[in-house]
Amino acid sequence: MLYILLFWTSGILLGLFTVSSYWWLSFQISLYGILISDQFLRQKDIYLPFSFYICFFTFSLAVLVSSTTVQAGLRDRIPVSQFGQSVQLQIKLTAFPRKYDYYQSVIGRTLNLKSSKTLVFYWNDGDVPLLPGQQWDVTCAMKPPVSTLSPGTLNYRHVSFINHIDGQCSIKDAQQISTVAGIWESLRVRVHERIYSMKLAEPVRAFALAILTGDKVMFSPNQRELFRNSQTQHLVVVSGLHLSMIFGLMYLISGWVLNGFGLVIRFPVFKFRLVLALSAAFVYAGICGFPIPTQRALIMMVIPAAFFICNRSQSWGLALGGAWIVVTAIDPLAVLQPGTWLSFLAVTVLFWGLGFNHFLGGYWHTRIMRFFTPQLLVFLGLSPLVMSISHSYNPFSVLVNLVAIPLVSVILLPLGFLMLLASSWEPDYLYQLFSWGYTGLHWVMRVGSFGVFSFAPSIAQLFCMSGMAVWLAGVRQLPGGGLLLCLCLVGMLVFPRQPDYPQHLQVTMLDVGQGQSIWVQRGHEGVLIDTGPGLPGAPGAYGRVVYPFLQSIDMTAPVLVVFSHDDSDHTSGLRMATETLQSLYWMTGEPDAIPFQGCHRGQTIVGRQLKVSILHPDDQFKYVGNNASCIVKIDTPDGCVLIPGDASKEVEFRLVGQQREALKCDVLVAGHHGSRSSTSRQWLEAVSPQLVLISAGAFNHFGHPHQQTLDNIESQQIPWVSTRELSTVQVTMDDHRVSYRSLKQPFFPWQGYINEIK
């Protein structure tokens, strides 16, 4: 079975590799491989076991399944010709909406297209009641799954593709044609309504909604940050761990009931309890809407249970191997999801540490302790993989999860379901117990989150995590096993990775879409200019791009943060930035609108690595809007960068006449995202840069950068780069020698973009 799994997985991966070149290449590889092997096997004195044929057939089938599935998915995507076009659709909503201050988004499927497509729909009216199962006639503007691509951030295009989301649509007009229909949709709506009616504080209700339905729409930014820093995000993602908790809990309860009341059934008790446990897990997944993680977890649970029901209890490897083949055959892209590997590893460790027969016999307290033990084993088994793929880690998260996992699985999750079932009366005591439990969990996470490091672990720490996995695998039973665990835990604290600060000036223009956010750093000092676009109430580009990037380089305490002026494409992250950054200076060009110190000509901030000078605005004129933008010049021994915000040609002409010599700089950021209203030829002549950076979003409806601006730049024979084409751009200056590179993430780790314009 191990060889079959290896051949199957390698075939799936090869199919995904080859699809990036020619869709038929995978078929040719499989065909030629079969023909050559057939000729090879016809020779005399050559013997290969029958298992070889099975493995080779499995490999070929996996290649064909993965390549054809991906190609079918690509052909089924929304054509480029429809991007930006208004279309009339009939849709069925499949999820609850995410609500923000002025709009809401929801996932739905089209009903009147040639083939059904899954889209994210945006309603500008945040008060429209949207529920799963509703059907609507809508008129909307189609777009691809556009997102920004920057280091340390989640690749939303990649995630959208893997999760089979084909695009997005902004609603212009909508009319509801049917209400909620279907058993599962009605059940989900009733559960949500019940949770919203509970007498719980907002943070507690948000947590209850997350663990009972998998819906984290009510989480505040602070709650999300707390779960991330304490590395307990898995507690609020309904997947294999949660379904296993419900499965195990129902298995225990059914055993107590059958034994306690002496019930006699013709069907074997052991198998009957398995069926009840699987049914409970299935209902739980239905309440959550059967998302992909729960589908995968159910398959992983059903197949091993089927082996037990068929009296094949010894075939753990065969059962999990069969589940892996079924999961990846249904969705070959699952091998690209870290969650797939984490889920199978978690279930493997869970089965190894617990097993169904561990519930048989013994006293009740022994059974409960054996229910606690696998939670610890799952966490320790997954820690090396989770921390190696994460942009942050917390060595204290082991201790946090020792408390958090049993608290959630044994106390809060059962209490949550008791609150749901007690719908005929108001169980205030259950509400109070649940609130106390969440308060304890919150306190544990708060204490544990102080040890978070915002960059990947060091090689030494990876070795220590591997040692913990070895201890988990059985060394703990040998002499010295406990000492190995202690050494590994100490090593996690003693050998942290040190951040790699650049020794020369680096200017990183982050891909925040149609907006601007620029990070300038030399050594351990950095300056943040603007936080990108977004809408009120949403995380915006700062929460999705800027802050994760700063965390990944361990620079959440910049010397200076500047909001050039009060436009939403520059300042959407203002509130969140003040909560998450520790900066010495906060400045803006419009202090009447933004409660920070105003920028004034002549201001300077001198650090050990950087010198920041403000060239505009001055006190002689009252500027508002774009012309109030702070024009910032940052000097270092390596070179300088000039960042003019959205200032227009009027301001440029005034500065050229007043401060021409001060304007000379190595790198210039084009004003107003490359609009024709800025970056005049006189301005370019005065600055005389070696490179011009342009921050503009893909598919932006302004047409930025304008051709007139590009003509001005090219007439001066100055190279230019734009985030519209290159995504995040990082410029390095060393002794006034300028070089740049794109930090664009590929669509898949091994290839470029598929069906992408950007």
Side-chain angles (χ1 to χ4, degrees), residues 150-151 455 498-510 516-531 546 549-550 552-564 581-587 589 597 599-616 629-645 647 655 659-671 683-684 686-695 718-721 723 728-743:
S150 295
F455 43 89
Q498 298 300 322
D500 185 17
Y501 296 132
Q503 299 304 310
H504 302 286
L505 179 62
Q506 278 188 354
V507 180
T508 305
M509 177 169 279
L510 295 168
Q516 176 175 285
S517 183
I518 301 171
W519 173 255
V520 183
Q521 181 178 359
R522 188 175 190 267
H524 62 277
E525 292 183 347
V527 175
L528 178 64
I529 310 292
D530 294 327
T531 55
V546 181
F549 169 75
L550 296 179
S552 69
I553 60 175
D554 193 38
M555 287 296 295
T556 56
V559 175
L560 169 67
V561 177
V562 177
F563 291 94
S564 58
L581 299 180
Q582 295 81 42
S583 179
L584 296 176
Y585 302 97
W586 300 77
M587 302 179 70
Q597 178 183 359
C599 295
H600 298 286
R601 174 183 170 183
Q603 290 175 317
T604 59
I605 297 175
V606 180
R608 295 183 178 180
Q609 306 284 342
L610 303 170
K611 177 184 177 183
V612 182
S613 304
I614 305 298
L615 306 184
H616 176 82
S629 297
C630 297
I631 297 184
V632 181
K633 181 180 180 183
I634 301 177
D635 286 286
T636 71
D638 296 312
C640 67
V641 56
L642 183 63
I643 306 170
L655 290 179
Q659 308 180 59
R660 188 180 185 91
E661 290 302 317
L663 296 177
K664 292 188 178 298
C665 219
D666 299 287
V667 173
L668 171 67
V669 176
W683 178 254
L684 290 168
V687 179
S688 187
Q690 300 181 49
L691 179 68
V692 174
L693 302 177
I694 304 174
S695 181
I718 303 171
W720 62 272
V721 293
T723 57
T728 295
V729 178
Q730 188 171 82
V731 178
T732 301
M733 283 176 264
D734 180 7
D735 194 20
H736 299 277
R737 294 190 298 270
V738 177
S739 61
Y740 71 89
R741 61 178 179 139
S742 170
L743 301 185

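All residue numbers in this chain count up from 1 along the given sequence.
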Atom pairs and distances, donor-acceptor, side-chain atoms in residues 632-644, under 3.5 Å, two or more places apart:
| from | atom 1 | to | atom 2 | distance (Å) |
| --- | --- | --- | --- | --- |
| Lys633 | NZ | Ala662 | O | 2.7 |
| Lys633 | NZ | Lys664 | O | 3.3 |
| Thr636 | OG1 | Asp638 | N | 3.1 |
| Thr636 | OG1 | Gly639 | N | 3.3 |
| Thr636 | OG1 | Gly639 | O | 2.9 |
| Asp638 | OD1 | His504 | ND1 | 3.2 |
| Asp638 | OD2 | Leu505 | N | 3.1 |
| Asp638 | OD2 | Arg522 | NE | 2.5 |
| Asp638 | OD2 | Arg522 | NH2 | 3.3 |

Sequence neighbours excluded, which residues qualify as side chain to side chain contact (heavy atoms under 4.5 Å, CB included) partners of Gln503?
none
Over all heavy atoms of both residues, which pair between Leu610 and Glu525 is shortest? Give the atoms and the distance, please.
N-OE1, 3.2 Å
Side-chain heavy-atom pair Asp666, Leu691 within 4.5 angstrom cut-off
no
Answer yes or no: is there a donor N or O on one side and an acceptor on the other, between the side chain of Ser629 and the main chain of Ser564, under 3.5 Å?
no
Using side-chain heavy atoms (C-beta onward) and a distance below 4.5 Å, is Trp519 in contact with Ile553?
yes
Quick one: closest heavy-atom pair of Leu693 and Val731, and the distance?
CD2-CG2, 3.8 Å
Can you check whether Thr508 reaches Gln521 side chain to side chain, under 4.5 Å on heavy atoms?
no
Set of side chain to side chain contact (heavy atoms under 4.5 Å, CB included) partners for Ile718, sequence neighbours left out:
Leu684, Pro689, Val692, Ile713, Gln716
d(Ile529 CD1, Ser695 OG) to nearest 0.5 Å is 12.5 Å
For the CG atom of Leu510 and the CG atom of Asp530, what is their distance to the nearest 0.5 Å?
11.0 Å
Only counting residues at least two apart or in another chain, list the ones meeting side chain to side chain contact (heavy atoms under 4.5 Å, CB included) with Ser739.
Thr732
For the residue pair Met555 and Leu528, establish whether any side-chain heavy-atom pair is separated by less than 4.5 Å.
no
Spacing of Cys630 atom SG and His600 atom NE2 [to the nearest 0.5 Å]
9.0 Å
The criterion is salt bridge (charged side-chain N to carboxylate O under 4.0 Å, His left out); which residues satisfy it with Arg737, sequence neighbours excluded?
Asp734, Asp735
Please name the pair of heavy atoms, one in Ile614 and one in His616, separated by the smallest distance, quoted to 0.1 Å.
CG2-O, 3.4 Å
Ser613 versus Thr604: any side-chain heavy-atom pair under 4.5 Å?
yes
When rounded to the nearest 0.5 angstrom, what distance separates CD in Gln609 from NE2 in His524?
6.0 Å
Value rounded to 0.5 Å, distance of CD1 in Ile605 from CG in Leu584:
8.5 Å
What I'd like to find out is whether the side chain of Gln690 reaches to under 4.5 Å of the side chain of Met733, using heavy atoms alone.
no
Check side-chain hydrogen bond (donor to acceptor under 3.5 Å, both in side chains) between Ser517 and all other residues, then give those that pass, not counting sequence neighbours.
none
Quick one: does Ser583's side chain have a donor or acceptor within less than 3.5 Å of a partner on Val559's backbone?
yes
Would you say Tyr585 has more than 12 foreign heavy atoms packed within less than 6.0 Å of its OH?
no
Flag the pair Leu655 / Trp683 as yes when at least one side-chain heavy-atom distance between them is below 4.5 Å, and no otherwise.
yes
